[in-house]
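Treat the numbers as computed from the prediction; the structure is a model and nothing was measured.
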Amino acid sequence: MILNLILLLIYPLIILVSTIGYGLIFKKFFFKNDYYLNVSILGIFGLFSLYIISSITHLFVTHNIFHNSLVQLIGLLNFFFFKDFIKKKEIKLVFTFFVILFLGFIISKTNEDFPYYHLPMSLQIVEQKLQFGLGNINVAYNHFSSLFHINSLFYLPLVKYYLFNLTNFLFQIFFFSGLFLILKDKKIPNFLVLLISLTLLIYILKFNRLAEYGADLPGQLLAIMSIIFCYIAYFGRNQINKKNLFFLLEISFYLIIFATTTKILYAMYIVIPLSVSLKIFKINDLLRYFLKLRFLFISFFSLTTLIFYNFALSGCLIYPISSTCFYETFSWTLQNETIDHMKTHYNAWSKGVIGAGFGVNDTEKYLSNFYWIKNWFNKYFFTKVSDFILLNILIFLVYFFSFKKNIIGKINQNNKKNSFFLLQVPIIFVLLVWFFNFPTLRYAGYSIVFLFLTLPFCFYISSKIDVSKEIFLKKFQVLFIIALVVFNFKNLLRINNELNLEINQHHNFSNFPFYWINQVNYKKLKSGDIVYNLVEGPYCWSTPSVCVTADHLTVKNVNNYLIHYKK
């Protein structure tokens with residue numbers, strides 16, 4: 001246990017430093033500026049770089065221990081080679097957040113989808129190079145995300161797959177520390193100070209369990225960060241020079257692109273930085289800046305890998321959209337009935353038509369003509385959404401009464417009204433797209449609901465409180481410390497409860513400090529020259545690849561690439 005604790009502390013620190021090292025490489029090749037580019041933002045782009053590396057090398061080799069150790073070593077070397085470009089105060093703050101949030105990293109119970117496809121997909125990339133048609137052997141393999149490619153690079157000696165939740169922990173560290181560093185900039189306006197400080201408080205209180213992050217929340221954190229960068233450009237358009245304004249928007253677009261690789265539905269957030277960009281610059285100026293090789297390369301590469309891996313897994317360019325599938329062209333393409341069934345299932349689940357312990361007889365009827373809205377309100381809104389809204393309102397009230405003594409006289413509201421409508425309209429548009437297509441908070445909902453609620457409050461209160469005064473930051477720091485205490489107290493209670501679970505109970509901490517893995521039974525199943533591992537039950541967990549849940553499969557080898565398809 002002592003060795004495991006040491007490994008769980010040392011490895012994440014090494015990978016944290018290595019990831020920042022890759023962020024420095026990204027900066028060298030793709031950024032021609034460093035305006036607002038703090039070390040935490042570099043860490044996020046380090047994760048982006050790791051996805052790029054992983055998606056390329058997976059085409060040719062497995063992500064075994066040798067491959068991954070080499071990847072981490074290169075990142076470390078780059079960190080120490082370019083460390084003079086990093087401010088010491090910033091790196092100290094990142095390490096401080098690492099320590100403060102570390103209790104949240106020690107988990108026994110993983111995300112509900114972890115045994116279903118997060119772990120099997122990540123492990124598949126570790127143990128096998130690219131294979132086609134994996135969606136035929138297990139429907140779970142159709143869920144592509146850049147997060148699984150990043151996970152696969154953290155399969156290292158002794159710890160094996162027990163660092164697959166480190167990706168989300170790194171997102172957590174870089175997100176909170178990055179916002180905190182931006183908040184310390186005295187030049188940002190009242191509105192942004194309030195928006196960032198509220199984001200820090202609400203997100204640290206709401207998302208205190210790392211297991212909740214899954215494959216959904218990192219994309220939402222990236223979207224929020226992207227929107228904050230484009231708002232910095234918008235509110236600073238009269239003070240910041242043109243070169244820096246373009247750079248802020250470039251970062252904003254990159255973050256949305258990265259978010260889209262985690263789940264394609266996050267592409268809808270592009271509307272927000274795009275509308276702000278068109279307000280600041282003429283379209284011709286935007287085209288001249290962004291139609292450059294470095295931006296086109298990242299955009300094209302990210303979109304191409306997203307489409308290619310969807311295609312390789314399912315035979316569809318975008319799973320599960322039937323019109324993008326090549327049913328008659330490629331042998332590994334999923335059957336039309338399977339695609340339509342899964343699309344209906346995801347649609348019904350997100351709209352409250354089906355769920356744990358409930359369902360309807362005629363799913364298609366409920367999904368048409370907005371019949372689902374009543375179900376959604378009864379089954380989902382008055383539990384998940386209402387709780388999140390109440391949390392936001394509670395923090396708003398805490399803010400209002402905490403800073404009541406700092407209220408100043410009203411200022412000119414004309415420009416603020418124009419800004420409010422300009423920024424709120426795209427928020428409402430994205431909110432409507434979300435609501436009518438996949439209205440569950442996990443699916444891009446937390447961030448858009450948060451923005452919809454928070455922007456009006458920030459506009460209202462920013463004209464009444466002078467946040468440039470030192471007293472504001474002192475009060476906020478007290479509130480944030482309280483939030484961090486709550487964060488760690490909840491995690492201490494959770495860890496204590498998990499440690500007290502019996503050894504025969506699911507999600508026990510018998511392997512402390514590593515998370516619990518259910519060792520499912522499986523048997524060897526040969527098809528041609530390939531040996532599948534057929535599991536008993538719906539989940540593969542850590543079963544060696546290639547893990548299957550059905551035996552009606554065959555495989556062929558084409559140019560040394562395996563293609564799985566149904567008989």
Side-chain angles (χ1 to χ4, degrees), residues 179 182-183 188-206 220-221 223-237 252 268-269 271-280 377 381-382 384-404 406-436 439 441 444-468 472 475-476 479-480 483:
L179 288 183
I182 294 173
L183 187 64
I188 60 175
N190 280 12
F191 171 83
L192 278 171
V193 171
L194 287 164
L195 177 61
I196 294 171
S197 58
L198 283 167
T199 304
L200 284 166
L201 283 175
I202 291 173
Y203 274 62
I204 202 74
L205 289 170
K206 173 60 183 174
Q220 302 204 44
L221 300 184
I224 286 288
M225 188 71 80
S226 167
I227 291 164
I228 286 172
F229 268 95
C230 75
Y231 284 176
I232 293 173
Y234 175 76
F235 286 102
R237 63 192 184 280
S252 179
M268 68 180 184
Y269 277 99
V271 172
I272 299 169
L274 186 60
S275 63
V276 170
S277 300
L278 290 172
K279 176 62 179 178
I280 300 174
F377 271 96
F381 180 84
F382 289 114
K384 301 287 187 181
V385 179
S386 59
D387 288 350
F388 186 57
I389 291 174
L390 287 173
L391 173 64
N392 280 264
I393 293 173
L394 176 63
I395 299 301
F396 295 165
L397 291 173
V398 169
Y399 251 59
F400 185 82
F401 289 109
S402 296
F403 302 113
K404 191 175 181 181
N406 302 94
I407 290 178
I408 59 177
K410 289 184 178 181
I411 62 174
N412 189 340
Q413 295 289 312
N414 293 330
N415 291 332
K416 294 184 73 64
K417 287 181 180 179
N418 293 334
S419 295
F420 171 71
F421 285 113
L422 173 75
L423 300 184
Q424 191 72 356
V425 167
I427 295 293
I428 293 172
F429 175 80
V430 175
L431 181 72
L432 291 174
V433 172
W434 168 78
F435 178 74
F436 287 112
L441 292 171
Y446 281 113
S447 293
I448 198 61
V449 171
F450 165 76
L451 290 167
F452 176 73
L453 296 172
T454 306
L455 258 63
F457 177 78
C458 289
F459 271 108
Y460 173 75
I461 208 74
S462 63
S463 64
K464 298 179 177 298
I465 297 178
D466 184 5
V467 299
S468 63
F472 174 87
K475 286 185 176 181
F476 165 73
L479 291 174
F480 192 57

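A distance of 10.5 Å separates OG1 in Thr454 from CG in Leu194, rounded to the nearest 0.5 Å. Atom CG in Asn392 sits 11.0 Å away from atom CG in Leu201 (nearest 0.5 Å). Atom-to-atom distance recorded for Ile395:CD1 and Leu390:CG is 11.5 Å, nearest 0.5 angstrom. To the nearest 0.5 Å, atom CE of residue Met268 and atom CG of residue Leu432 are 10.5 Å apart. Residue Leu195 holds its CG atom at 14.0 Å from CD1 of Ile461, rounded to the nearest 0.5 Å. The distance from the CZ atom of Phe388 to the CG atom of Leu391 is 6.5 Å, given to the nearest 0.5 Å.
Of the possible donor and acceptor atoms, one in the side chain of Ser447 sits under 3.5 Å from a partner among the backbone N and O of Gln220. Side-chain N or O atoms of Tyr269 include one that pairs as donor or acceptor with a backbone N or O of Ala444 at under 3.5 Å.
Listed by chain and residue number, Trp372, Trp376 satisfy the ring-ring contact (aromatic ring centres under 6.0 Å, His included) test with Phe435 (two or more places apart in sequence, or in another chain). With sequence neighbours left out, the ring-ring contact (aromatic ring centres under 6.0 Å, His included) criterion links Phe396 to Phe457. In this structure, Thr199 has no side-chain hydrogen bond (donor to acceptor under 3.5 Å, both in side chains) partners at least two apart in sequence or on a different chain.
Considering every non-hydrogen atom in both Cys458 and Leu198, the closest pair reads SG-CD1, 3.7 Å. What you find for Cys230 and Ile272 is that their closest heavy atoms are SG-CG2, 4.4 Å. The minimum heavy-atom distance linking Pro426 with Val271 is given by the pair CB-CG1, 4.1 Å. For the pair Leu441 and Trp434, the tightest heavy-atom approach, listed with the atom from each and the gap, is N-CZ2, 4.0 Å.
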_From CA spacing to verdict: side chain to side chain contact (heavy atoms under 4.5 Å, CB included), Val430, Leu451_ = CA-CA 10 Å; Val430 175; Leu451 290 167; over 6 Å; no
*Would you check, one step at a time, whether the test side chain to side chain contact (heavy atoms under 4.5 Å, CB included) holds for Phe476 with Val193?*
CA-CA 10 Å; Phe476 165 73; Val193 171; over 6 Å; no
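Counting only heavy atoms from C-beta outward, the side chains of Leu397 and Phe400 never approach each other to under 4.5 Å. The shortest side-chain heavy-atom distance between Val433 and Ile448 does not fall under the 4.5 Å cut-off. A 4.5 Å side-chain heavy-atom check between Leu183 and Leu179 finds every atom pair outside the cut-off. Counting heavy atoms from C-beta on, the side chains of Ile204 and Phe480 come closer than 4.5 Å. Contact annotation: the side chain of Tyr399 approaches that of Ser197 to within less than 4.5 Å [non-hydrogen atoms, C-beta and beyond]. Between Ser402 and Leu479, some side-chain heavy-atom pair lies under the 4.5 Å cut-off. At least one side-chain heavy atom of Leu423 sits under 4.5 Å from a side-chain heavy atom of Phe235. Residues Pro273 and Ser226 meet the side-chain proximity criterion, which asks for heavy atoms closer than 4.5 Å.
Around the NZ atom of Lys384, the shell of radius 6.0 Å holds no more than 12 heavy atoms that belong to other residues, nucleotides or ligands.
The one candidate from Tyr231, Phe420, Phe421 that meets the ring pair (Phe, Tyr, Trp, His ring centres under 6.0 Å) condition with Phe459 is Phe420.
The distance between the ring centers of Tyr446 and Phe450 does not fall below 6.0 angstrom.
Using the six-membered ring where Trp is involved, Phe381 and Phe377 have ring planes that are tilted, between 30° and 60° apart.
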